Peer 1: 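Just passing along the structure, written as C-alpha cells.
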Amino acid sequence: MNSINPAAADEESPAWVRALNEAQREAVFATEGPVLILAGAGTGKTRTLISRLRWILHCGLARPWEILAVTFTNKAASEMRTRARANWEENNDAPRDEMWRWIGTFHSLSLRMLRGFPEAAGLQKGFSILDGDDQARVIKEQAQLLKIDTSQHRPRTLLEMVQGWKDLALLPSQVGSTDQSRWLKGDLGEQLYERYQERLRDLNACDFADLIFHPVRVFQKETDILESWRSRFRYILVDEYQDINTAQYLWLRLLGGGHKNVCAVGDDDQSIYSWRGADIRNILRFPTDFPGTQTIRLEQNYRSQPRILRVAGKVISANTERAGKNLYSHLPEEEPVRVGGFWDDRAEAAFISGEAENLRRNGLAYSEAAVLVRITAQMRELEERFLADSLPYRVVGGLRFYERAEIRDALAYLRLARYSGDDLAFERVVNRPRRGIGETTLRHLRTAQNSTGGSLAEVGQRLLSGGGLRNPAARNLAAFLSSLEQWREHVESLPLLDAARRILEDSGYLAMWRTDKSFESAGRLENVESLIEGLSDFESMEVFLEHVSLVMEQWQGADEERVSLMTLHAAKGLEFDAVFLPGWEEGVFPHMRSREDKRDLEEERRLAYVGVTRARRHLYITYAASRRLHGRVEVQRPSSFLELLPESELAFLHDEAAPVVREGRPREAVKRSRASLAVRWRVGSRVRHEVFGAGEVRAQEGEWVSVHFADGEKTILSQYLTTGAGDV
DNA sequence: CCCCACGCTATTTTT
DNA sequence: TAGCGTGGGG
C-alpha cells in the first residue's frame, strides 16, 4: 500500500513536487488505482505526468523497468526518459539504458513486445516494418489482382480504408457489410484487406497498425503471454490519451487489466486526430472502462492571457461531445484578440508579414511568433510574401527527411544490400536509375515468383541460369543481380559508411542526381550525403534500418530566429507569444469536407481551440474574401467560427485602418462576371466591420448591383457594394 | 522500354 | 497550381 501522505509535500519534498499546484499534486500522489487527468491546454499536462513518474520512483513504489510509460511521439518519449532519469541518477548508481526502455511510443513498445513472440502473431523472427509508401504499393498490387480499378479507387484511399479497420481492431471477417459498402462493391473491401494481410505475411512484414493489432490479438488468445507481460509492469502511464485509437485502447486495457494502476492524461478538447483512428470517446469513457477511476481536472492555465483563454473557452463551448473543463488564468490581462478580413490571401499575407515585423520592432523575437494554417495549400502565399519581405521564417513539419524520395531510394539500396529478399526495396530501385528493366520484365519475375516462391532476386537468378542471356532485358537484369551480390559483400566486409557510399556510387544512383539538371537535384544530393554521414552513428546496418523504420525524426535546422509556419495539427503542444490564424473562411476552416457531419465539425472546432490556445499574449484571427486554391480563385464567406468569438474580447483590425468600404459602380458593363466588392459584416448583434469580398455580379454600367454567392445560403452579409470588375 | 502529353483531383499526417 | 497516373507513339 502507498504509505506516502499527500500532506508530505512540504520542505522535505523535492523542489519539483513543491512547484506543483494543488490539482497537479493530487494527480501525482494518487498512486493506487486508475487515474484520469483531464488537463486543459497549457495546464502542465505532460509535466504532471512526468512528475507522477518521478514520484513513483522517488517513493520506491516501482523501479524504472516496472513502469510502462506510453506516448505518441518519439519526442515526448525522449523528454520523459530524460526527465525520469535525471531524478534516478541523483539517488542511484549505475543507470543503464535498458532500465528506461519501457518509456516509449505505442509503436516502439508494442514492437518490443512483438519481437518476443513473433510466431504467435504469424510472423518470423526478424520481420520488417513497412512504411506508408511500401504499404501503398502492396495495396495497389493486391487491388489490381482483385481487378479493382485503381484509377477510380486510388491506392491511398484503399489503404486508408484498410488502416481504418485495423485501427478499429477489426479482422477482415469482422468488417461489416455496411462499413464496406461505403468504399467498394460487395465484399471486395474485405477481400482486399485479407489479401493485403496475406501479402504482408509472405513478406514477413507488418505495417504500423499491425504493430499494435498483432499483440492485441495474441494477448486475447494466449493468456500466458498476456499474463507474463501484465505482471511485468506495476504502473502504466499514458500521455495524450485523447489520441488513442480502438486498437491502442484494447492494448492498454489488456495490459492494465490486472493491477489497474493506469494513469492517463489527456484533453478531450484537443482530440484532433480522428482521421487517423483516434476516437474521442475513449477518453470520455475512461472512468467506465476502469471502474474506480479518480478523475482529476487540471484547469489552471499558465500559458495564455485571460482574453485569449476566454475566446478559446467560448469557441469550444459550442461543442457537445466533451467532458467539460473551465480554464482560468492568473496572468495579467492584455490586448484584445485582433480580428480582421482582407480582400484576398495576398493582402492577408502582407498584413501578417508586416505585423510580425511590427511585433519584432516592439521587442518580440521572430521565434516567438507563429502562423498556423488549416491546410498546407495556405502556406504558399504566406511564404512568397515572407520571402519578398525578407521575413525569416521556417516551415515546421511537412515532408520529413526519411520521406523524401531520394532518401527512400537510398534506403531501399541499403535494405536490398543487407536483405536481398526485400522485394519492395528491389522493385523500388531496379530501374532507378534507368537500367532497362521495366514493368514487363518485373511482371515476368512476379509470375514466376507466384509458382516457385522465393524473392524477386532469387527468381531472377533462377530464370537467368535456366534460359541464358538473350534479350537486352535479361542482360540488364543479370548485370543488376551481380551488382547486388557485390553490394551484399560490401555490407559484410566494409565499415557501414564505406559500404553505403560504395553502393550508392557503384549503382549509379548518386551519378543520376549529379547529371540531373533540375533545380532541386543539388538539394537531393545533399540529403543523400547527409544520410550517408548519419550512418556513422550506428554500429550495423540492421540497427540503422530498425532505427529508420520507427524513428521518423524531423529534419530540422537549428533553433534560429525565425517565424514558425505550420499547420494547426503540427502546432499541438507548442506555444508562442504571438499567433496568427489566417484562413478563417467557410470551406477552409471549417474545412469543406467537415461540414456535413456534426462530429467532424466538432473536431474542426477543437482544432480552432488548439490554434487559439497556442498563443500566450497576442492573437490574430484573419480571413480573406477570395483566395487562390487549386489554381483558381475561390470566393468564400467568413468562417462561421467567427460568430463564436466573444465580442468583448475582440478588436477589429479595420477599425484602426483606413476606410475599407469602397462604394462604387461598375465602370463598364459587367455581365455575370466576377467583381470586387466591399461588404459589411456583422458579428453577433452589434459589432460591424468591413470585409472585402468578391462574388458573381450581374449589372449594366452605372447600375447598383447585387451579388450572389455560389452556395445561395442565407449569408451574414448585409450590404453589397461594388467597385467594378477587376478593380482591386 | 521510354517519353511525353493529357486529364484528374485536391485536409489534417505520427509511427 | 502541381503532382500523379494513364495511354499512345517512338
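Keep in mind the model is a prediction, meaning the values are calculated, not measured.
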Peer 1: Does a side-chain N or O from A/T567 land closer than 4.0 Å to OP1 or OP2 of B/dT11, or not?
Peer 2: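 Result: no.
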Peer 1: Describe the nucleic acid contact of A/N431 in one word from base, sugar-phosphate, nothing, applying a heavy-atom distance below 4.0 Å.
Peer 2: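 Sugar-phosphate contact only.
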Peer 1: Given atom CG of A/L607 and atom P of B/dT12, what is their separation to the nearest angstrom?
Peer 2: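 Nearest whole value for this atom pair: 11 Å.
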Peer 1: Over how many whole Å does the gap from A/R434 atom CZ to B/dC4 atom C1' extend?
Peer 2: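 Atom CZ in A/R434 sits about 12 Å away from atom C1' in B/dC4.
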Peer 1: In whole angstrom, what separates A/F589's CZ from B/dT11's P?
Peer 2: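 Result: 16 Å.
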Peer 1: Is it true that atom CZ of A/R628 has more than 12 heavy atoms of other residues, nucleotides or ligands lying nearer than 6.0 Å?
Peer 2: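 It does not: A/R628 CZ has 12 such atoms or fewer within range.
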Peer 1: Please classify the nucleic acid contact of A/R374 as base, sugar-phosphate, or nothing, using heavy-atom distances under 4.0 Å.
Peer 2: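 It contacts base atoms.
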Peer 1: So do the side chains of A/H569 and A/L607 get within less than 4.5 Å of each other, counting heavy atoms only?
Peer 2: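 Touching, per the 4.5 Å side-chain cut-off.
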Peer 1: Which nucleotide, B/dT11, B/dT15, B/dT13, lies nearest any side-chain atom of A/A570?
Peer 2: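 Closest nucleotide to the A/A570 side chain: B/dT13.
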Peer 1: Think A/R156 has a side-chain N or O under 4.0 angstrom from the OP1 or OP2 of C/dC4?
Peer 2: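 Answer no for this pair, as no side-chain N or O of A/R156 is under 4.0 Å from OP1 or OP2.
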Peer 1: A/Y249 and A/W251: ring pair (Phe, Tyr, Trp, His ring centres under 6.0 Å), yes or no, with the steps?
Peer 2: CA-CA 5 Å; A/Y249 159 77; A/W251 188 91; over 10 Å; no
Peer 1: Please tell me whether A/E585 and A/S639 have a donor and an acceptor in their side chains that are separated by less than 3.5 angstrom.
Peer 2: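 Side-chain D/A pair, A/E585 to A/S639: absent.
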Peer 1: If I take atom NE2 in residue A/H630 and atom C1' in nucleotide C/dC4, what distance separates them, rounded to the nearest angstrom?
Peer 2: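 Whole-Å distance recorded here is 16 Å.
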Peer 1: Start at the 5' end of DNA chain B and walk down; is the nucleotide closest to A/A209 or to A/T441 reached first?
Peer 2: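 Of the two residues, A/T441 wins.
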Peer 1: In this structure, how many angstroms lie between the C1' atom of C/dT6 and the CD atom of A/Q144, rounded?
Peer 2: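 Atom-to-atom, A/Q144 to C/dT6, this comes out as 12 Å.
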Peer 1: Should the side chain of A/R154 and the base of B/dT9 be counted as holding a donor-acceptor pair, with the cut-off at 3.5 Å?
Peer 2: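 It does not, because no donor-acceptor pair links the side chain of A/R154 to the base of B/dT9 below 3.5 Å.
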Peer 1: By nearest nucleotide on DNA chain B, pick out whichever of A/H591 and A/T105 is the more 5' one.
Peer 2: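 Nearest nucleotide further toward 5': that of A/H591.
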Peer 1: Output the single nucleotide from B/dT11, B/dT15, B/dT12 whose closest atom is nearest the side chain of A/T73.
Peer 2: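 Among B/dT11, B/dT15, B/dT12, the one nearest the side chain of A/T73 is B/dT15.
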Peer 1: In whole Å, I'd like the distance from the CH2 atom of A/W275 to the P atom of B/dT15.
Peer 2: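 About 12 Å, once rounded to whole Å.
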Peer 1: Do other residues, nucleotides or ligands put more than 12 heavy atoms under 6.0 Å from the CZ atom of A/R346?
Peer 2: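 Result for CZ/A/R346: open.
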Peer 1: What do the steps show when you test A/R432 against A/D409 for salt bridge (Lys or Arg N to Asp or Glu O under 4.0 Å), and what is the final call?
Peer 2: CA-CA 8 Å; A/R432 217 172 144 70; A/D409 289 340; 2.7 Å; yes
Peer 1: State whether A/N476 places a side-chain N or O below 4.0 Å from either non-bridging phosphate oxygen (OP1 or OP2) of B/dC1.
Peer 2: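 No, outside the criterion.
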Peer 1: When only distance counts, do a donor and an acceptor, one from the side chain of A/R593 and one from the base of B/dT11, lie under 3.5 Å apart?
Peer 2: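 It does not, because no donor-acceptor pair links the side chain of A/R593 to the base of B/dT11 below 3.5 Å.
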Peer 1: Kindly say if A/N74 contacts the phosphate of B/dT14, meaning a side-chain N or O under 4.0 Å from OP1 or OP2.
Peer 2: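 For B/dT14, OP1/OP2 do not have a side-chain N/O of A/N74 under 4.0 Å.
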Peer 1: Nearest-Å distance, CG (A/D345) to P (C/dT1)?
Peer 2: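 After rounding, the reported distance stands at 13 Å.
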Peer 1: Between A/R276 and B/dT15, is there a side-chain N or O to OP1/OP2 distance below 4.0 Å?
Peer 2: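 For B/dT15, neither OP1 nor OP2 has a side-chain N or O of A/R276 closer than 4.0 Å.
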Peer 1: Calculate the interatomic distance between A/Y273 atom OH and B/dT13 atom C1'; express it in whole Å.
Peer 2: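 Value for this atom pair: 7 Å.
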